Amino acid sequence: MQPTMGTQQSSLVKEKVTMKKRSLSRWTETVRPYAYIMPALLFFCLFFFFPIGYMIYLSFHDWSLLDLSAMEWVGLANFQEIMLDSDFHLVVINTIIYTFGTVAISLVLSFFLALWLNRQAKIYGIMQAAVFSPHIISLVSVSMLWMWLMDPQYGLLNAILEFFGFPAYTWLADTSSALLSLILVSVWKGVGYNTIVFIAGLQSIPKDIYEAASLDRAGKLRTLAKITLPMLSPTLFFLTIINLISSFQVFDTIYIMTQGGPVNSTNMLVFYIYEQGMDFYNGGIASAASVVLLGLIGVMTFLHFWFAERRVHYR
Amino acid sequence: MAQVVLKSLVKDYNKQNVVKGIDIVIPDGSFSVLVGPSGCGKSTTLRMIAGLEKVTKGEIWIGNQLVNDLAPGKRDLAMVFQNYALYPTMNVFDNIAFGLRNRGVSKKECKVLVEEISEIVGLTEYLTRMPSQLSGGQRQRVALARAMVKKPKVFLMDEPLSNLDAKLRNQMRVELTGLHKRLGTTFIYVTHDQVEAMTMGDQIIVMDQGTVQQAASPIQLYKEPDNQFVAQFIGSPAMNILSGFQQRLLVGFRPESAKIAGVNQEAPLSDRAQFMKRGNILSREILGSDVLYYVESGQEKLVVKDDLRYLLQEGQEVIVSVNEEDLYLFDQESGIRLRQGINLKEKQKLAGGMT
């Protein structure tokens with residue numbers, strides 16, 4: 001039977017409606033995932049990407065916190081200035097020495113502490129808690145404490161040195177020893193956390209692997225080099241990254257203990273940025289230095305991940 | 001190759017006596033299996049042989065050497081662990097070669113030996129892979145290759161098949177026994193699975209609560225168990241144990257040696273049947289060629305294994321009969337098997353069988 005005009009029309013209308021519905025549902029399907037991630041994306045944009053972008057934008061301007069309306073485009077002049085500034089060179093060198101000194105000493109020390117403290121007896125639990133305790137003390141208190149300990153005249157450290165017949169050390173008072181003293185404080189503060197993370201890593205290594213190694217006649221040093229260290233590589237990688245980043249961003253200790261002195265010998269990137277922005281009202285230079293810091297941390301993290309891809313063994 | 005002798009071996013953990021003075025002789029070149037339920041001390045015994053646990057008391061001899069105070073690596077033995085214990089950060093080649101390198105074998109020789117062993121266990125294609133990239137069976141082979149390449153005097157294996165699926169486990173069982181025949185080395189194998197023990201070992205040492213219950217060949221263990229524990233542990237399904245006519249005795253028979261027939265049926269019972277029990281079929285399990293009947297007889301429950309010729313129904317009233325020579329009597333208190341001094345009639349009477 002031939003369909004009438006009326007039925008043909010109604011079927012056409014139905015087809016159009018279903019097509020519309022289909023395209024609507026396809027559109028919904030496309031949009032839905034973006035809608036789901038929108039809140040998080042907005043959060044990141046507002047609090048992460050925008051500040052970073054704005055910081056880069058500010059680094060191309062000459063501006064001051066005193067008068068934000070008088071912002072002037074200067075292109076790369078701020079970068080040129082800091083690159084030619086010998087103080088900034090010193091700040092970068094100080095930051096690099098401090099970072100590598102702190103990270104290397106802290107990681108090596110905490111690794112051996114972890115090897116020593118990774119035992120069952122109660123005394124080792126107490127020792128772990130003792131080693132970890134500096135981590136939970138505020139950095140301000142730690143800095144105040146160490147300022148007293150390192151005081152050249154009334155400090156405990158010099159008193160001990162003198163008691164044993166050694167000459168008093170200059171600690172924070174001399175350009176040659178101030179940076180080393182800050183490294184000492186940071187290592188003292190950070191070593192406990194690293195040790196606990198290392199212990200957690202050590203405890204996750206199955207015991208039977210060590211047993212297999214002992215049956216394979218592996219000595220203690222060989223077991224450490226061939227079993228323990230490779231098995232700990234994810235932990236080592238994690239600790240290196242977070243220690244590097246936090247050392248690069250050191251501020252509180254310098255602010256409280258040395259104010260960057262004596263003679264800029266403990267001035268580092270974040271303190272330099274603070275000084276330029278807040279003390280000298282030199283916003284452009286501060287922003288440019290922040291971009292350099294961001295770049296340095298970025299490059300280091302990239303290099304580290306590149307290395308980790310080849311050397312870190314995830315089980 | 002070496003004989004392993006354990007003399008009055010004791011192991012205490014925090015004042016808890018885990019191994020209670022065991023004496024075992026593991027003949028040179030034998031495939032000996034330590035079998036028993038969880039916590040019976042079999043793994044601890046193996047670990048003491050390996051040197052991974054300190055001996056509290058007693059002696060361990062490997063060949064002519066007392067090894068109590070010898071480091072694990074110097075005992076000249078190799079072990080395959082339950083979880084394989086492969087080095088996760090080394091590839092297959094390095095896993096196998098690690099022990100050789102520690103022994104100072106040259107790089108060149110190492111390569112030759114590893115390749116030779118890999119060929120035998122079928123790992124040649126996987127030498128550059130990491131353990132995480134291998135299947136369970138392949139990891140098992142790496143663990144075996146790692147043990148074999150050292151050419152040890154004794155192989156120790158701690159439940160090495162328990163992480164494999166049923167099919168692979170069967171396959172590996174055959175391969176392991178084949179390997180033992182080819183190498184001719186002493187194998188000491190720990191398992192809780194009596195089927196594994198029966199199919200692989202030429203000497204089975206049954207352990208319970210830190211003591212050796214019986215050490216014998218598989219057939220002897222099955223046919224002549226020394227006590228109730230061994231009788232029930234060896235054989236699947238386990239031996240039926242029923243209380244005897246007298247309080248101090250228990251009577252046992254294997255499910256596969258009993259006959260079962262419906263009460264109103266023309267029974268296929270043995271004309272030599274000396275022990276009979278009347279009961280009802282609670283449930284049945286058809287295994288393919290066989291069927292298991294779970295029968296309730298008064299207060300007691302028993303299992304009978306039969307073929308599929310006369311399939312009986314659940315709830316059906318049946319008679320279970322056992323020949324006299326298939327009956328075992330045990331002392332109720334000690335569980336020790338009574339072998340002598342009880343004649344046919346007495347056995348029948350003691351078993352409380354109906355006639």
Side-chain angles (χ1 to χ4, degrees), chain A residues 107-108 111 114-115 118-125 197-241 304-315, chain B residues 14 43 46-53 67 70-91 94-105 110 130-133 139 142-150 152-160 163:
Chain A
L107 288 183
V108 171
F111 176 69
L115 285 180
N118 182 29
R119 283 156 220 238
Q120 290 298 321
K122 224 176 192 176
I123 185 72
Y124 294 105
V197 177
F198 269 132
I199 288 175
L202 285 172
Q203 286 178 353
S204 72
I205 302 174
K207 208 177 138 205
D208 55 8
I209 292 180
Y210 286 115
E211 292 175 348
S214 73
L215 282 160
D216 268 345
R217 269 192 209 177
K220 278 191 177 170
L221 269 178
R222 199 161 159 76
T223 306
L224 186 73
K226 293 284 173 188
I227 311 283
T228 309
L229 269 175
M231 295 285 283
L232 269 187
S233 57
T235 312
L236 195 62
F237 173 64
F238 164 74
L239 285 177
T240 313
I241 283 278
H304 211 82
F305 271 94
W306 178 82
F307 176 78
E309 242 172 56
R310 283 146 186 81
R311 288 279 168 223
V312 175
H313 302 279
Y314 291 100
R315 277 170 269 160
Chain B
N14 304 324
S43 284
L46 190 82
R47 290 170 61 79
M48 282 195 281
I49 299 172
L52 302 174
E53 299 284 352
V67 297
L70 209 61
K74 293 189 174 162
R75 295 189 181 198
D76 204 3
L77 32 84
M79 185 160 168
V80 179
F81 292 81
Q82 187 172 4
N83 300 321
Y84 319 129
L86 301 181
Y87 310 121
T89 56
M90 297 182 199
N91 64 20
D94 291 336
N95 257 286
I96 302 171
F98 189 63
L100 295 176
R101 286 179 190 146
N102 294 337
R103 281 169 165 76
V105 176
C110 228
M130 300 303 277
S132 58
Q133 297 168 314
R139 285 181 205 188
V142 179
L144 272 175
R146 187 173 68 177
M148 283 161 64
V149 80
K150 294 188 280 186
K153 280 187 205 160
V154 181
F155 276 98
L156 307 176
M157 302 193 180
D158 189 4
E159 307 212 23
N163 285 348

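All heavy atoms count here, side chains included; hydrogens, waters and symmetry mates do not. Note that this is a predicted model, so its numbers are computed, not measured. Here is the naming used below: chain letters follow the sequence lines, and residue numbers restart at 1 for every chain.
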The side-chain hydrogen bond (donor to acceptor under 3.5 Å, both in side chains) partners of Asn102(B) (sequence neighbours excluded) come to Arg222(A)
Those residues of residues 142-150 of chain B that come under 4.5 Å of chain A on a heavy-atom basis, listed by number, are Arg146(B), Lys150(B)
To the nearest 0.5 Å, atom CZ of Arg217(A) lies from atom CG of Asp76(B) at 6.5 Å
Honestly, the part of Leu77(B) sitting under 4.5 Å from a heavy atom of chain A is both
Here the pair of heavy atoms bringing Ala212(A) nearest to Ala85(B) is CB-O, 3.8 Å
Only residue of Leu86(B), Asn83(B), Leu52(B) satisfying side-chain contact (heavy atoms from CB on, under 4.5 Å) with Asp208(A) is Asn83(B)
Any heavy-atom pair between the side chains of Met90(B) and Ile227(A) that's under 4.5 Å? yes
Whatever's closer than 4.5 Å to a heavy atom in chain B on Lys226(A) counts as both
Turns out that what part of Arg47(B) lies under 4.5 Å from chain A's heavy atoms comes down to side chain
Closest non-hydrogen contact found for Pro88(B) with Ile209(A) is CD-CD1, 3.6 Å
Of all heavy-atom pairs linking Leu215(A) and Ala50(B), the shortest is CD2-O, 3.9 Å
